[in-house]
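Here's the structure we're looking at; comments come further down.
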Amino acid sequence: MKDIKFSVKSNLAIADNIFRMELKTSAKLPQIMCGQFLNLEVVGHDDLILRRPFCICDFGADWVSVVYAVLGKGTTALSKLKTGTNINALLPLGNGFVLDKKYTKIAIIGGGLGVAPLLSISKCYLDKEYKKYLGFASKKSVILEKEFGIATTITTDDGSYGIKGYPTTALENDIIGGYKPDIILTCGSHNMMGAVAKLATKYNIPALASTEERMACGIGACLVCVCKVNGRYARVCADGPVFDIRGLAL
């Protein structure tokens with residue numbers, strides 16, 4: 001991991017209270033794996049000492065992007081950053097989605113803001129076949145649909161866009177119809193990932209989940225972000241955020 005100086009290339013609202021920030025750098029970025037995250041400083045606020053952790057939504061040779069919800073003082077401050085603002089980020093952090101070569105048919109299933117850590121998977125594994133299932137509360141909360149591209153099914157809780165219902169139901173309907181992925185990769189609410197865990201068990205499909213907990217240091221030292229994995233506590237920032245879904249207490 002490295003502490004990299006970036007400049008804000010863009011910082012735009014993409015849905016209600018949801019922003020996408022793209023950061024550009026002249027430094028050489030370390031190797032990034034899909035599912036990893038960064039710790040971003042809050043510029044211009046000496047009272048906000050702790051950096052904010054965000055998944056790395058997408059990346060290139062000299063840039064990264066994050067997608068975040070405006071929920072508190074820190075993210076409100078970040079949402080007001082202008083193009084050209086200098087900002088530091090520590091990256092890449094955590095363990096991402098590591099796929100065995102035997103997995104060729106991949107089902108990606110995300111809910112709400114949880115779709116963001118899943119976007120770069122296809123960039124890291126170009127030789128796979130993907131089907132994507134993205135669930136949102138309503139049409140106004142849909143994000144990144146264009147970026148996920150073809151073979152993407154959108155569901156909304158209220159039916160205002162795409163298929164009415166849940167992404168897990170859409171995936172199960174496809175499984176019943178004859179599609180069986182080699183592995184499921186997921187991120188979203190505990191309820192949604194719990195439904196994915198039940199689906200994976202029911203159809204005997206391996207599954208990896210990207211988890212989220214409140215963080216402080218982001219490097220495994222403070223033990224703030226622990227979660228239960230296989231009956232023991234693990235650090236989401238250092239041991240995760242990606243875990244085998246069968247071991248998670250959801």
Side-chain angles (χ1 to χ4, degrees), residues 14-15 18 20 32-36 55-59 65 67 96-139 141-212 241-246 248 250:
I14 58 173
I18 305 294
R20 182 175 186 177
I32 298 170
M33 173 57 65
C34 53
Q36 290 184 297
C55 73
I56 299 172
C57 175
D58 201 0
F59 60 91
S65 69
V67 174
F97 290 100
V98 178
L99 300 183
D100 192 290
K101 290 183 179 179
K102 67 183 179 182
Y103 300 133
T104 59
K105 295 167 61 178
I106 315 297
I108 290 175
I109 182 164
L113 199 60
V115 306
L118 306 173
L119 179 62
S120 64
I121 292 170
S122 60
K123 173 180 288 188
C124 292
Y125 297 100
L126 298 174
D127 58 341
K128 310 293 185 184
E129 175 189 321
Y130 296 95
K131 280 195 175 185
K132 294 147 280 186
Y133 304 82
L134 311 180
F136 303 94
S138 64
K139 182 178 180 178
S141 60
V142 174
I143 59 172
L144 303 176
E145 179 184 10
K146 181 180 178 181
E147 288 82 352
F148 272 94
I150 61 174
T152 299
T153 299
I154 303 292
T155 67
T156 51
D157 297 350
D158 63 1
S160 57
Y161 191 74
I163 300 171
K164 184 176 182 179
Y166 304 111
T168 46
T169 303
L171 172 55
E172 183 166 26
N173 286 340
D174 281 354
I175 292 173
I176 292 170
Y179 168 69
K180 186 174 182 180
D182 297 323
I183 192 169
I184 302 170
L185 309 180
T186 187
C187 183
S189 69
H190 276 213
N191 284 341
M192 192 209 76
M193 291 197 297
V196 172
K198 291 178 181 177
L199 199 64
T201 299
K202 181 177 180 180
Y203 293 101
N204 193 30
I205 302 171
L208 298 176
S210 177
T211 58
E212 180 184 32
V242 176
F243 296 100
D244 188 319
I245 204 168
R246 291 170 294 184
L248 286 172
L250 295 169

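All values derive from a computational prediction rather than experimental measurement.
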Could you tell me if the side chain of L208 sits less than 4.5 Å from the side chain of I245, heavy atoms only? no
What distance do [X] atom [atom1] and [Y] atom [atom2] have between them, rounded to the nearest 0.5 Å?
X    : Y    : atom1 : atom2 : result
C34  : L185 : SG    : CG    : 8.0 Å
K198 : L250 : NZ    : CG    : 10.0 Å
I183 : K128 : CD1   : NZ    : 9.0 Å
I108 : C187 : CD1   : SG    : 11.5 Å
I143 : I18  : CD1   : CD1   : 6.0 Å

Using atom types as modelled, flag every donor-acceptor pair under 3.5 Å from a side chain in residues 155-167 to any protein atom, sequence neighbours excluded.
residue : atom : partner : partner atom : Å
T156    : OG1  : G159    : N            : 3.2
T156    : OG1  : S160    : N            : 3.3
T156    : OG1  : Y161    : N            : 3.2
T156    : OG1  : Y161    : O            : 2.6
D158    : OD1  : S160    : N            : 2.9
D158    : OD1  : S160    : OG           : 2.7
D158    : OD2  : S160    : OG           : 3.4
S160    : OG   : K139    : N            : 2.8
Y161    : OH   : E145    : OE1          : 2.9
Y161    : OH   : E145    : OE2          : 3.1

Show every donor-acceptor pair shorter than 3.5 Å between a side-chain atom in residues 110-127 and any protein atom, with sequence neighbours excluded, or say none if there are none.
residue : atom : partner : partner atom : Å
K123    : NZ   : D58     : OD1          : 2.8
K123    : NZ   : F59     : O            : 2.5
Y125    : OH   : F97     : O            : 2.9
Y125    : OH   : L99     : N            : 3.0

Between V67 and I14, does a side chain to side chain contact (heavy atoms under 4.5 Å, CB included) hold up when you go through it step by step? CA-CA 9 Å; V67 174; I14 58 173; 4.1 Å; yes
Would you tabulate the side-chain donor-acceptor contacts of residues 170-181 under 3.5 Å, counting partners in other chains and residues two or more places apart, or write 'none'?
residue : atom : partner : partner atom : Å
E172    : OE2  : K202    : NZ           : 2.8
E172    : OE2  : Y203    : OH           : 2.7
N173    : ND2  : T169    : O            : 3.3
D174    : OD2  : Y133    : OH           : 2.6
K180    : NZ   : Y203    : O            : 3.2

Holding to salt bridge (Lys or Arg N to Asp or Glu O under 4.0 Å), I want the full list of residues that pass it with E147, two or more places apart in sequence or in another chain. R20
Between I154 and F148, does the side chain to side chain contact (heavy atoms under 4.5 Å, CB included) criterion hold? Intermediate values first, please. CA-CA 11 Å; I154 303 292; F148 272 94; over 6 Å; no
Applying side chain to side chain contact (heavy atoms under 4.5 Å, CB included), run through L199 and I205 and close with a yes or a no. CA-CA 8 Å; L199 199 64; I205 302 171; over 6 Å; no
Among pairs that include at least one residue of residues 96-115, which meet side-chain hydrogen bond (donor to acceptor under 3.5 Å, both in side chains), considering only residues two or more places apart or in two chains? T104-D182
Is there a donor-acceptor pair closer than 3.5 Å between any side-chain N or O of T186 and the backbone N or O of I109? yes
